[in-house]
Amino acid sequence: MNISKTYLPKEAEEKWYSYWLKHDFFKSVPDEREPYTIVIPPPNVTGVLHMGHMLNNTIQDVLIRRARMKGKNACWVPGTDHASIATEAKVVAMLKERGIGKKDLTRPEFLAYAWEWKEKYGGIILDQLKKLGASCDWDRTRFTMEDDLSEAVIDTFIHFYKKGLIYRGVRMVNWDPQGKTAVSDEEVIRKEVNQKLYYIKYNVVGEGSNTEFLTIATTRPETIMADAAICINPNDERYFHLHGKKVLIPLINREIPVILDEYVTMDFGTGCLKVTPAHDLNDYELGQKHNLPVIDILNDDGTLNEKAQILVGEDRFAARKKIAVLLEADGYLDKVEDYKSQIGFSERTDAVIEPKLSMQWFCKMDEMAKPALDYVLKGDIKLIPEKFTNTYRHWMENVKDWCISRQLWWGQQIPAWYLPNGQFVIAKTAEEALELANASTPGSGLTTLDLKQDEDVLDTWFSSWLWPISVFDGFKDPNNADINYYYPTNDLVTAPEILFFWVARMIMAGHEFRGEAPFKNVYLTGIVRDKLGRKMSKSLGNSPDPLELIEKFGADGVRVGMLLCSPAGNDLMFDESYCEQGRNFANKIWNAFKLIKGWEVDENLVNPNEVAIEWFDSRFNQALTEIESNFEQFRLSEALMATYKLVWDDFCAWYLEMIKPVYQHPIDRETYDKTIAFFENILKILHPFMPFITEELWHDELFGDRSELDCCIVAQLPKYGQINTRLLDDIEIVKQIITQVRNIRNAKQISPKEKLDLSVKANSEVAYNLYGLIITKLGNISTFGFTTDKLAQAAGFMVSTDEFYVPLEESIDPVAECEKLNKEKDYLTGFLKAVNSKLGNERFMANAKPEIIEVELKKKADAEAKLKILEENLAALAC
RNA sequence: GGGAGUUUAGCUCAGCUGGUUCAGAGCAUCUGCCUUACAAGCAGAGGGUCACUGGUUCGAACCCAGUAACUCCCA
């Protein structure tokens, strides 16, 4: 026999992953079994594997492997999304390195480069997931921009346009001046930033002299040229005299009115608010209300345009500094204060978001939100943990229309075609568009050359919300076997950050196109943070490289490590030490295997271990039910912990110690066979968490011959068996006895090798004769006997109400012994007093449930019995 | 500013309908062991005013109110 001293993961991982692939164990085709389906949250093609993916995909793999082992037809569909903004930024950067500007390219040329980039880098994450052991059906790998999925996106656009749910409109959008595109609210990251609050004086018109001013406070002095009004609160007594007046914008001397609105907070700044409808969302709404003109002074790249009159061509931030100087010089700057406020940054480019009015495509949400909310409120879809239902409801009840256009090329181009007269038609192809165009403008004789397709593409989420349907070709062929079989999927595992803009919209699309929710459970994972609670990020450099972790601790170790620290829905404070614990666990399993592997069987021996075997069998069945219940509630870390303790404590530390033969002695056939059967069952329940080591051991000859397809990955989980609770309880008592004996050794510094005697004065019904063998073996007891008398010259202890004695040669210290007994007596007396006062309380007796009272009575009886024995012992010691 | 959540051992977390000897687990710590499966280990032990203050109740980690700290979402 030549087994390494520790488990070496690397070899096993490579061997078994390719074995699984080769035998198509991940593959799923519809059949008569019950399906269990997960669609992966498609990582974007620009990404590399980070800790969030590790967590997310470990969970999915555990679920899918367990389903497979429960006899379901398990299908985990992988894929990626095209991430229009992020990918386009990467491609632009790549081109720049090659000395090519995006402006120098035609759209098809640019897209050719983008596809090249995608082919090269777009599969990295999926390949990395294989290292983790992800058992995805790789033949089903999809990409949101492949032909069929793109067609689904375009059809969806047309579908909703025809329904009147997609419209074109001018709206204030979050403009990313660097990416030169609109981004959604969800892609804006708000951060608290130190700014300056500029107090600027505006001349009041028509008071004869130039001496009267009003002062406004703003963080954006560069936008004063776009002001349309000054607004004050009508109740503000300080400014009654300004009602109906006009003021002049400093530097450019344009006249604007003073308007009245209770929107203005009197105690913020000066109580005078500059209203700049083109550059602030709230101002825009205020402007609409008061019919103010919209003056947009910014170009798409964030520089000032000619409407600003001054500082034309300057970047907004340069202009801010310069205008402060100009205002100061001309005496318009009253003062500058430090000020903190929230500023939006683009998630993709980190540019400061500019509120900007622009023509965009929108998708109406309120109509779709209603049924999508109901699925969750009625429980057809369960959010785990439940607390997210609140958040979900809040969002769905206050939903805003979805800006779906992006000023980019990488993505599905919006199927809108503009006629020379400015009208547009919505059509899938140029030809159809031409027909529609000619129909709408009879006799115009348009050709395809006269039509111009909208330059913009659709938001990536407009692809991914179709994901659970489109991966099964549910748009192209709505009645195909796959979609009918796999949809709705079962569980979705994703991050709470995208509950709204992905999960909610998938529910909407599912309802719209299939009339059914796309999944039943949504398991929301937390954010992986470092142990200091900081988000893992590239800039902080506090994120471990997942592949290095796998290298260091093995994939199984890392999977266990991730799950150990991941309560559902809560952020997890990741630390490498969890992976270390996972690795140690793998090693423990390995060594238990080594022990069993080393045994020789003697067919002539009778089985002395019936009790131990029956006990572990019960314990195993008990653990199975615990694990199942944890899984049902998606308490994966607890399911893992229950498994961990079963294996490490119950199996290794107790069971194996109970049955293990003396060194170099053989074992009986029955114990040997049973133990191997136990071990095989243990491998099964471990497999979803630790697929590699379990598969590796599964194939050892210890378990007999295996056919090529007899693999742990497709083994069926053990069935529930009998649980002998009486035996489980008894063994708990036996364990206490053994622990107490070990304690005596420790306290008296007696070597574990030295055998001791043990006598019991049994006052209870526990059948100690059954457990003599276990007690003598684990306690290293030479003789275990019964006595009816208390033994002097012995160390004593009590378990439950039974008394135990370990005779010792050296005399015991009566003072210490008395102290010990007295301490226990004091505790019990106090305890008994509390119980008695409960039982003596009329209101307790009247109100408490009968079973509670019964319990109290039992407590009383037990305590009294124990106290009696204690007192006898104290008397015997003459304390 | 509005809403939600969290606070239990040094760390990460359980604690289900208020009721067992209920204050728990894993890790970490400490003590003793290289006892031939495993030192990535074995045996044992010590750690907590359940954030704070009140209230309800026969009984509160759990229910209610207030306070504090932290986190997230929205403005």
Side-chain angles (χ1 to χ4, degrees), chain A residues 3 5-7 185-186 190 265 268 281-282 342 385 387-395 398 400 496-497 499-500 526-527 529 531 533 553-554 557 561 564-567 569-575 577-578 580-599 629-630 633 635 637-638 640-642 644-645 648-649 652-653 656-657 660 663-664 738-747 749 751-754 778 780 800 827-828 830-832 834-835 837-849 851-859 862-863 866:
Chain A
I3 309 173
K5 200 167 173 209
T6 56
Y7 168 59
D185 289 347
E186 292 81 4
R190 281 171 217 287
T265 316
F268 180 81
L281 181 57
N282 296 316
Q342 297 270 321
K387 67 178 180 185
F388 285 108
T389 306
N390 276 337
T391 330
Y392 181 79
R393 178 173 48 206
H394 184 259
W395 192 76
N398 297 282
K400 283 181 287 184
E497 298 110 274
L499 178 58
F500 309 131
I527 297 167
R529 297 173 179 277
K531 62 177 172 183
F553 300 108
L564 279 175
C565 60
S566 66
N570 284 332
D571 290 357
L572 53 104
M573 311 300 158
F574 179 80
D575 187 69
S577 66
Y578 290 108
E580 196 181 336
Q581 194 182 345
R583 179 201 59 180
N584 293 353
F585 185 40
N587 203 40
K588 186 72 189 177
I589 298 161
W590 184 256
N591 276 294
F593 170 79
K594 256 177 72 178
L595 173 69
I596 299 167
K597 176 90 175 161
W599 289 340
S629 136
N630 284 324
Q633 299 167 76
R635 299 175 164 208
S637 56
E638 284 180 62
L640 171 58
M641 189 45 71
Y644 179 94
K645 285 197 273 194
W648 198 309
D649 298 343
C652 294
L656 288 179
E657 293 299 330
K660 122 178 162 186
Y663 182 57
Q664 288 186 331
I738 293 162
T739 300
Q740 292 279 20
V741 172
R742 286 169 176 169
N743 263 332
I744 289 170
R745 284 182 197 280
N746 244 336
Q749 303 197 310
S751 155
K753 288 176 186 165
E754 194 180 325
L778 299 196
N780 198 20
S800 179
Y827 171 76
L828 273 174
F831 176 73
L832 187 60
V835 173
S837 82
K838 257 192 202 180
L839 289 169
N841 184 322
E842 277 173 38
R843 294 218 265 178
F844 172 77
M845 298 306 280
N847 291 324
K849 282 177 267 179
E851 56 268 32
I852 301 292
I853 293 174
E854 210 163 300
V855 165
E856 292 300 319
L857 286 169
K858 181 163 190 312
K859 283 202 254 176
D862 287 352
K866 255 186 137 167

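Scope of the values below: all heavy atoms of this structure, side chains included, with no hydrogens, waters or symmetry mates. The chains referred to below are lettered A, B, ... by the order of the sequence lines, with proteins before strands, and numbering in each begins at 1. This is a predicted model, so every value here is computed, not measured.
- A:Asn841 places no side-chain N or O within 3.5 Å of a backbone atom of A:Ser837 that could act as its donor or acceptor partner.
- Closest to the side chain of A:Val855, out of B:rU20, B:rG26, B:rA37, is B:rU20.
- Each of A:Trp590, A:Phe585, A:Phe593 was checked for a ring pair (Phe, Tyr, Trp, His ring centres under 6.0 Å) with A:Tyr7, and the lone residue meeting it is A:Trp590.
- Taking all atoms of both residues into account, the shortest heavy-atom contact from A:Ile3 to A:Lys594 is CG2-CG, 3.8 Å.
- Counting any heavy atom pair closer than 4.0 Å across all strands shown, A:Glu657 reaches a base atom.
- Distance from the side chain of A:Leu656 is smallest to B:rA37 among B:rG5, B:rA37, B:rC72.
- A distance of about 24 Å separates the C1' atoms of B:rA51 and B:rG46, rounded to the whole Å.
- One can place CG of A:Asn780 at 15 Å from C1' of B:rC33, the figure rounded to the nearest angstrom.
- Phosphate contact (OP1/OP2 of B:rA25, side-chain N/O of A:Arg635, threshold under 4.0 Å): absent.
- To the nearest 0.5 Å, atoms CZ (A:Phe500) and CZ (A:Phe388) are separated by 9.0 Å.
- Between the base of B:rA43 and the side chain of A:Arg742 there is no donor-acceptor pair shorter than 3.5 Å.
- Nearest approach of A:Met573 to A:Tyr578, heavy atoms of both residues: O-CE1, 3.6 Å.
- OP1 or OP2 of B:rA75 sits under 4.0 Å from a side-chain N or O of A:Lys400.
- Contact annotation: A:Trp648 does not reach the phosphate of B:rA37 (side-chain N/O to OP1 or OP2, under 4.0 Å).
- The C1' atoms of B:rC50 and B:rA45 are separated by 23 Å, rounded to the nearest whole Å.
- A donor-acceptor contact under 3.5 Å is not formed by the side chain of A:Lys838 with the base of B:rC58.
- On the C1' atoms, B:rG15 is 9 Å away from B:rU8, given to the nearest whole Å.
- Formation of a donor-acceptor pair under 3.5 Å by the A:Gln581 side chain with backbone atoms of A:Ser577 is not found in this model.
- Taking both residues in full, the closest heavy atoms of A:Lys5 and A:Asn591 are given as O-OD1, 3.5 Å, listed atom of the first, atom of the second, then distance.
- Remark: the separation of the P atoms in B:rG5 and B:rG66 is 14 Å, to the nearest Å.
- We find that CZ of A:Phe831 is positioned 8 Å from C1' of B:rU20, with the value rounded to whole Å.
- For A:Tyr644 and B:rC27, the shortest distance from a side-chain N or O to OP1 or OP2 is below 4.0 Å.
- The listed nucleotides are B:rA37, B:rG44, B:rG26; the one nearest the side chain of A:Asn746 is B:rG44.
- Side-chain atoms of A:Asn587 lie closest to B:rA40 of the nucleotides B:rA37, B:rU12, B:rA40.
- Set against B:rG5, B:rG26, B:rC72, the side chain of A:Gln581 has B:rG26 as its closest nucleotide.
- One C1' atom belongs to B:rG19, the other to B:rU57, and the distance between them is 12 Å to the nearest Å.
- Side-chain contact between A:Arg393 and A:Asn390 is present, with at least one heavy-atom pair separated by less than 4.5 Å.
- In this entry the distance linking CZ of A:Arg745 with C1' of B:rA43 reads 11 Å, nearest Å.
- B:rC33 and B:rC27 have their P atoms separated by 22 Å, given to the nearest Å.
- In this structure, the side chain of A:Asn780 engages the main chain of A:Lys753 through a donor-acceptor pair within 3.5 Å.
- Counting non-hydrogen atoms under 4.0 angstrom, A:Lys660 reaches a base of the nucleic acid.
- Here A:Asn847 lies in heavy-atom contact (under 4.0 Å) with a base.
- Residue A:Asn584 places at least one side-chain N or O closer than 4.0 Å to OP1 or OP2 of B:rG41.
- B:rG47: glycosidic angle within 90° of 0, hence syn.
- Dashed line: the shortest gap from a side-chain N or O of A:Asn743 to OP1 or OP2 of B:rA45 is under 4.0 Å.
- Where A:Asn282 and A:Tyr7 meet RNA chain B, the nucleotide closest to each residue was compared, and A:Tyr7 sits on the side nearer the 5' end.
- Set against B:rG44, B:rA37, B:rG26, the side chain of A:Thr739 has B:rG44 as its closest nucleotide.
- A close approach under 4.0 Å does occur between a side-chain nitrogen or oxygen of A:Lys588 and OP1 or OP2 of B:rC42.
- At the heavy-atom level, A:Tyr578 lies under 4.0 Å from the strands shown only through sugar-phosphate atoms.
- Looking at the side chain of A:Phe844, the nearest of the listed nucleotides B:rC72, B:rA37, B:rG19 is B:rG19.
- Going from the C1' atom of B:rG59 to that of B:rG41 covers 46 Å, rounded to whole Å.
- Taking CE from A:Met845 and CD from A:Glu856, the interatomic distance works out to 9.5 Å, rounded to the nearest 0.5 Å.
- One interatomic measurement links the two molecules: CZ of A:Phe574 to C1' of B:rC13, which rounds to 16 Å at whole-angstrom precision.
- Between A:Ile596 atom CD1 and B:rC38 atom P the separation is 14 Å, expressed in whole Å.
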Quick one: do A:Leu656 and A:Ile596 satisfy side chain to side chain contact (heavy atoms under 4.5 Å, CB included)? Show the steps, please. CA-CA 9 Å; A:Leu656 288 179; A:Ile596 299 167; 4.2 Å; yes

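- Secondary-structure annotation of RNA chain B gives the stems B:1-7 with B:68-74, B:10-13 with B:24-27, B:29-33 with B:41-45, B:51-55 with B:63-67, with a stem taken as at least 3 successive Watson-Crick or G-U pairs whose two distances both fall under 3.5 Å.
- Nucleotides B:rC70 and B:rG54 are separated by 23 Å at their C1' atoms, to the nearest Å.
- With the nearest nucleotide of RNA chain B identified for both A:Glu580 and A:Asn591, A:Asn591 has the one nearer the 5' end.
- Nucleic acid contact class of A:Lys5 (heavy atoms, under 4.0 Å, all strands): sugar-phosphate only.
- Summarising the geometry, the separation between CZ on A:Arg529 and P on B:rC70 is reported as 15 Å, rounded to the nearest angstrom.
- Residue contacts for A:Phe585: at a heavy-atom cut-off of 4.0 Å it reaches no nucleic acid atom on any strand shown.
- Distance A:Leu595 CG to B:rC42 C1': 14 Å, rounded to the nearest Å.
- Between the P atom of B:rA4 and the CG atom of A:Leu499 lies a distance of 17 Å, rounded to the nearest Å.
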